[in-house]
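What you are looking at is a predicted structure, and each value in this text was computed from that prediction instead of being measured. Positions are given from 1 along the sequence.
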Amino acid sequence: MPKGRQEMKFRSEFEPYLLTIQHNSKKPLTKWSPQSGGDGGRNWLRRPDHFNIAVILAPYSPYFVLDIDGEKGYKNLQGLQIVYGKLPRTFTVKSPSGWHYYFRYQQGIKRSIGWLAPSIDIICHGYTLLPGSVIDGKRYEVLDDVAIVSAPNWLIRLASNTSRQIDMPAKKKTAAQYDGEDYEFKVWRARKYVEKMPPAVQGQGGHTQLLRVCNILVHKFRLDDADCRDILMDYNARCVPPFASYKELFRKISETRKWHE
C-alpha cells in the first residue's frame with residue numbers, strides 16, 4: 001500500500017466516490033462535474049505523494065459535511081449544542097482551518113454558508129478534501145476515526161430549513177466580538193435561553209427570578225444594555241403579573257452590572 005494511502009486512512013466506503021485533486025489545490029485533476037462521478041482515486045493511487053484526494057458529497061454520495069471554521073465556528077457550534085443538544089460521535093477530520101464532521105445525508109438537506117451560525121457551513125453538492133491532502137504545507141488529518149452516523153434531528157431540521165424559522169439575526173459588520181463568538185449569534189442564543197426560563201411570579205420568589213434572568217444576560221452572555229432590555233421586555237410579558245414600570249425593570253440590569261463590577 002502506498003505511503004500516502006496509509007497516511008490518508010480513508011474509509012473503504014469512500015472508494016466509489018473518490019476524486020483526484022491537483023497538487024496543493026482543491027481543483028480536480030481533470031475536468032469534472034458532480035454528475036460524472038469520481039475517478040476512484042486512480043490517478044492519486046499512481047502518485048499519492050503528489051496529488052490530493054477528495055470524496056464526492058451528497059446528493060451524488062451518501063454523505064454531507066458540517067464544516068466548522070476556526071475558533072469562532074467552534075464557539076458557535078458549542079452555542080448550537082447548548083440550545084439543541086450534543087452532536088453524536090462520527091467520522092471527524094481536522095482541516096487546516098477547522099473541523100469537518102461527516103454525516104449520512106438525508107433528503108432535503110441543503111448547502112449553506114454561515115446560515116446555521118457564522119463560520120459554520122453545510123457542505124454538499126460538491127466534494128471535500130480527505131485526510132492526507134495538503135494545502136500550503138497544512139495537512140488534513142483524521143481526528144475521530146469512527147463510523148459515519150446520521151445527523152441528529154435538530155441538525156437535519158435546521159439544515160433543511162429554507163424559511164429561517166429559527167429566526168437567526170443577520171450578522172452586523174460592526175458587531176462586537178466576545179470570546180470568539182459572533183455577537184449577534186450570542187444575542188440570539190441568549191434569547192433562546194431566557195425563553196426556556198420560568199416566569200417571575202409574584203409571591204413565589206418573583207423578584208429573585210427576575211434578578212436571575214438579569215444575571216444570565218449580563219454575566220453569562222455579557223450582552224449590551226440595549227439587548228438586555230429587549231430580551232427582558234419579552235420575558236416580562238410572561239411574568240405574573242408583568243412589571244408595570246419598564247424603568248423599574250431596566251434598573252435591575254444596571255443594578256446587576258454594578259453589583260458585578
(request) Return the minimal non-hydrogen interatomic distance between Ala54 and Ile21, and the atom names on each side. (result) CB-CG1, 3.7 Å

(message) Just checking Arg89: does its CZ atom have more than 12 heavy atoms from other residues, nucleotides or ligands closer to it than 6.0 angstrom?
(response) no

(request) Any chance you could lay out the side chain to side chain contact (heavy atoms under 4.5 Å, CB included) test for Leu210 and Leu232, step after step, and finish with the verdict? (result) CA-CA 9 Å; Leu210 178 63; Leu232 204 58; 3.9 Å; yes

(message) Side-chain heavy atoms nearer than 4.5 Å, only ILVMFWY residues, links allowed to pass through others: does that put Val146 and Ile148 together?
(response) no

(request) Hey, can you tell me if Tyr193 and Phe221 have their rings parallel, tilted or perpendicular (30° and 60° cut-offs)? (result) perpendicular

(request) State, yes or no, whether a side-chain contact exists between Thr20 and Pro28 at a heavy-atom distance under 4.5 Å. (result) no

(request) Check whether any side-chain heavy atom of Val93 sits under 4.5 Å from a side-chain heavy atom of Glu141, and report yes or no. (result) no

(request) Evaluate side chain to side chain contact (heavy atoms under 4.5 Å, CB included) for Asp230 paired with Val187, printing each intermediate quantity in order. (result) CA-CA 10 Å; Asp230 287 344; Val187 173; over 6 Å; no

(message) Tell me if a side-chain donor or acceptor on Ser150 pairs with a main-chain N or O of Arg104 at a distance below 3.5 Å.
(response) no

(message) Minimum heavy-atom separation for Pro199 and Arg238, please, with both atom names.
(response) CB-O, 3.1 Å

(request) Assess whether side chain to side chain contact (heavy atoms under 4.5 Å, CB included) is satisfied between Lys252 and Leu211, documenting all intermediate values. (result) CA-CA 7 Å; Lys252 301 300 181 185; Leu211 291 178; 4.1 Å; yes

(request) Using a 4.5 Å cut-off on heavy atoms from C-beta on, say whether the side chain of Ile231 contacts that of Leu217. (result) yes

(request) Report yes or no: do Leu18 and Val134 belong to one cluster of Ile/Leu/Val/Met/Phe/Trp/Tyr joined by side chain heavy-atom distances under 4.5 Å? (result) no

(message) For residues Tyr235 and Val240: do they belong to one hydrophobic cluster (side chain heavy atoms under 4.5 Å, members Ile, Leu, Val, Met, Phe, Trp, Tyr)?
(response) no

(request) Write down the atom of Phe64, the atom of Ala151, and the distance for their closest heavy-atom approach. (result) CZ-CB, 3.9 Å

(request) Assess whether atom CZ of Arg111 is packed by more than 12 heavy atoms of other residues, nucleotides or ligands within 6.0 Å. (result) no

(message) Any heavy-atom pair between the side chains of Tyr17 and Pro62 that's under 4.5 Å?
(response) yes

(message) Any donor-acceptor pair under 3.5 Å linking the side-chain atoms of Asn24 with those of Asp136?
(response) yes

(request) Please examine the side chains of Cys124 and Lys110, heavy atoms only from C-beta on, and report whether any two atoms are closer than 4.5 Å. (result) no

(message) Is there a side-chain contact between Asp67 and Ile122 in this structure, where contact means two heavy atoms from C-beta onward sitting under 4.5 Å apart?
(response) no

(request) Considering non-hydrogen atoms only, spot the tightest contact between Leu19 and Asp39 and give its length. (result) CA-OD1, 3.5 Å

(message) Within this structure, what is the SG-CG distance for the pair Cys239 and Asn236, rounded to the nearest 0.5 Å?
(response) 5.0 Å

(message) Suppose we screen for side-chain contact (heavy atoms from CB on, under 4.5 Å). Which residues come up paired with Ile82, at least two apart in sequence or across chains?
(response) Arg189

(message) For a 4.5 angstrom cut-off between non-hydrogen side-chain atoms, does Val55 reach Tyr102?
(response) yes

(message) With side chain to side chain contact (heavy atoms under 4.5 Å, CB included) as the criterion, how do Leu87 and Gln81 come out once you've worked through the C-alpha distance, each side chain's angles and the decisive distance to 0.1 Å?
(response) CA-CA 7 Å; Leu87 291 176; Gln81 291 185 101; 3.7 Å; yes

(message) Given 3.5 Å as the limit, does a donor-acceptor pair link the side chain of Ser160 with the main chain of Arg157, or not?
(response) no

(message) I'd like to know whether CD of Gln202 has more than 12 heavy-atom contacts from other residues, nucleotides or ligands below 6.0 angstrom.
(response) no

(request) Check Pro88 against Val149 and note the closest heavy-atom contact, atom names and distance. (result) CG-CG2, 3.9 Å

(message) With rounding to the nearest 0.5 angstrom, report the CG to CD1 distance, Leu129 to Ile135.
(response) 5.5 Å

(message) I need the single residue from Leu143, Asp145, Asp144 that forms a side-chain contact (heavy atoms from CB on, under 4.5 Å) with Phe91. Which is it?
(response) Asp145

(request) For residues Arg139 and Gly132, report the shortest heavy-atom separation together with the two atoms involved. (result) NH1-O, 3.1 Å

(request) Measure up the Tyr127 and Trp32 rings against each other and bin them: parallel (under 30°), tilted (30 to 60°), perpendicular (over 60°). (result) perpendicular

(message) Is a donor from one side chain sitting under 3.5 angstrom from an acceptor on the other, for Glu13 and Tyr63?
(response) yes

(request) Would you give the length of the straight line joining atom NZ of Lys186 to atom CG of Asp224, rounded to the nearest 0.5 angstrom? (result) 11.0 Å

(request) Assign the ring pair His100 / Tyr140 to parallel, tilted or perpendicular, where the plane angle (0 to 90°) is split at 30° and 60°. (result) tilted

(request) Give, for atom CG of Asn76 and atom CD1 of Ile68, the distance between the pair rounded to the nearest 0.5 Å. (result) 8.5 Å

(message) How long is the straight-line distance from OH of Tyr84 back to CG of Leu116, given to the nearest 0.5 Å?
(response) 9.0 Å

(message) The test is salt bridge (Lys or Arg N to Asp or Glu O under 4.0 Å); show your working for Asp225 and Arg257 and say whether it passes.
(response) CA-CA 9 Å; Asp225 282 356; Arg257 198 177 299 280; 2.6 Å; yes

(request) Quick one: list whatever passes side-chain contact (heavy atoms from CB on, under 4.5 Å) with Lys27, sequence neighbours left out. (result) Gln22, Ser25

(message) Are Val201 and Met233 connected into the same hydrophobic cluster when the rule is that any two of I, L, V, M, F, W, Y join if their side-chain heavy atoms are below 4.5 Å apart?
(response) no

(message) With heavy-atom distances below 4.5 Å as the criterion, would you say the side chains of Arg191 and Asp227 are in contact?
(response) no

(request) Please determine, by modelled atom types, if Thr256 and Asn215 share a side-chain donor-acceptor pair under 3.5 angstrom. (result) no

(message) With rounding to the nearest 0.5 angstrom, report the SG to CZ distance, Cys214 to Phe250.
(response) 10.0 Å

(request) Indicate yes or no for a side-chain donor-acceptor contact from Gln209 to the backbone of Pro198 under 3.5 Å, with no hydrogens or angles considered. (result) yes

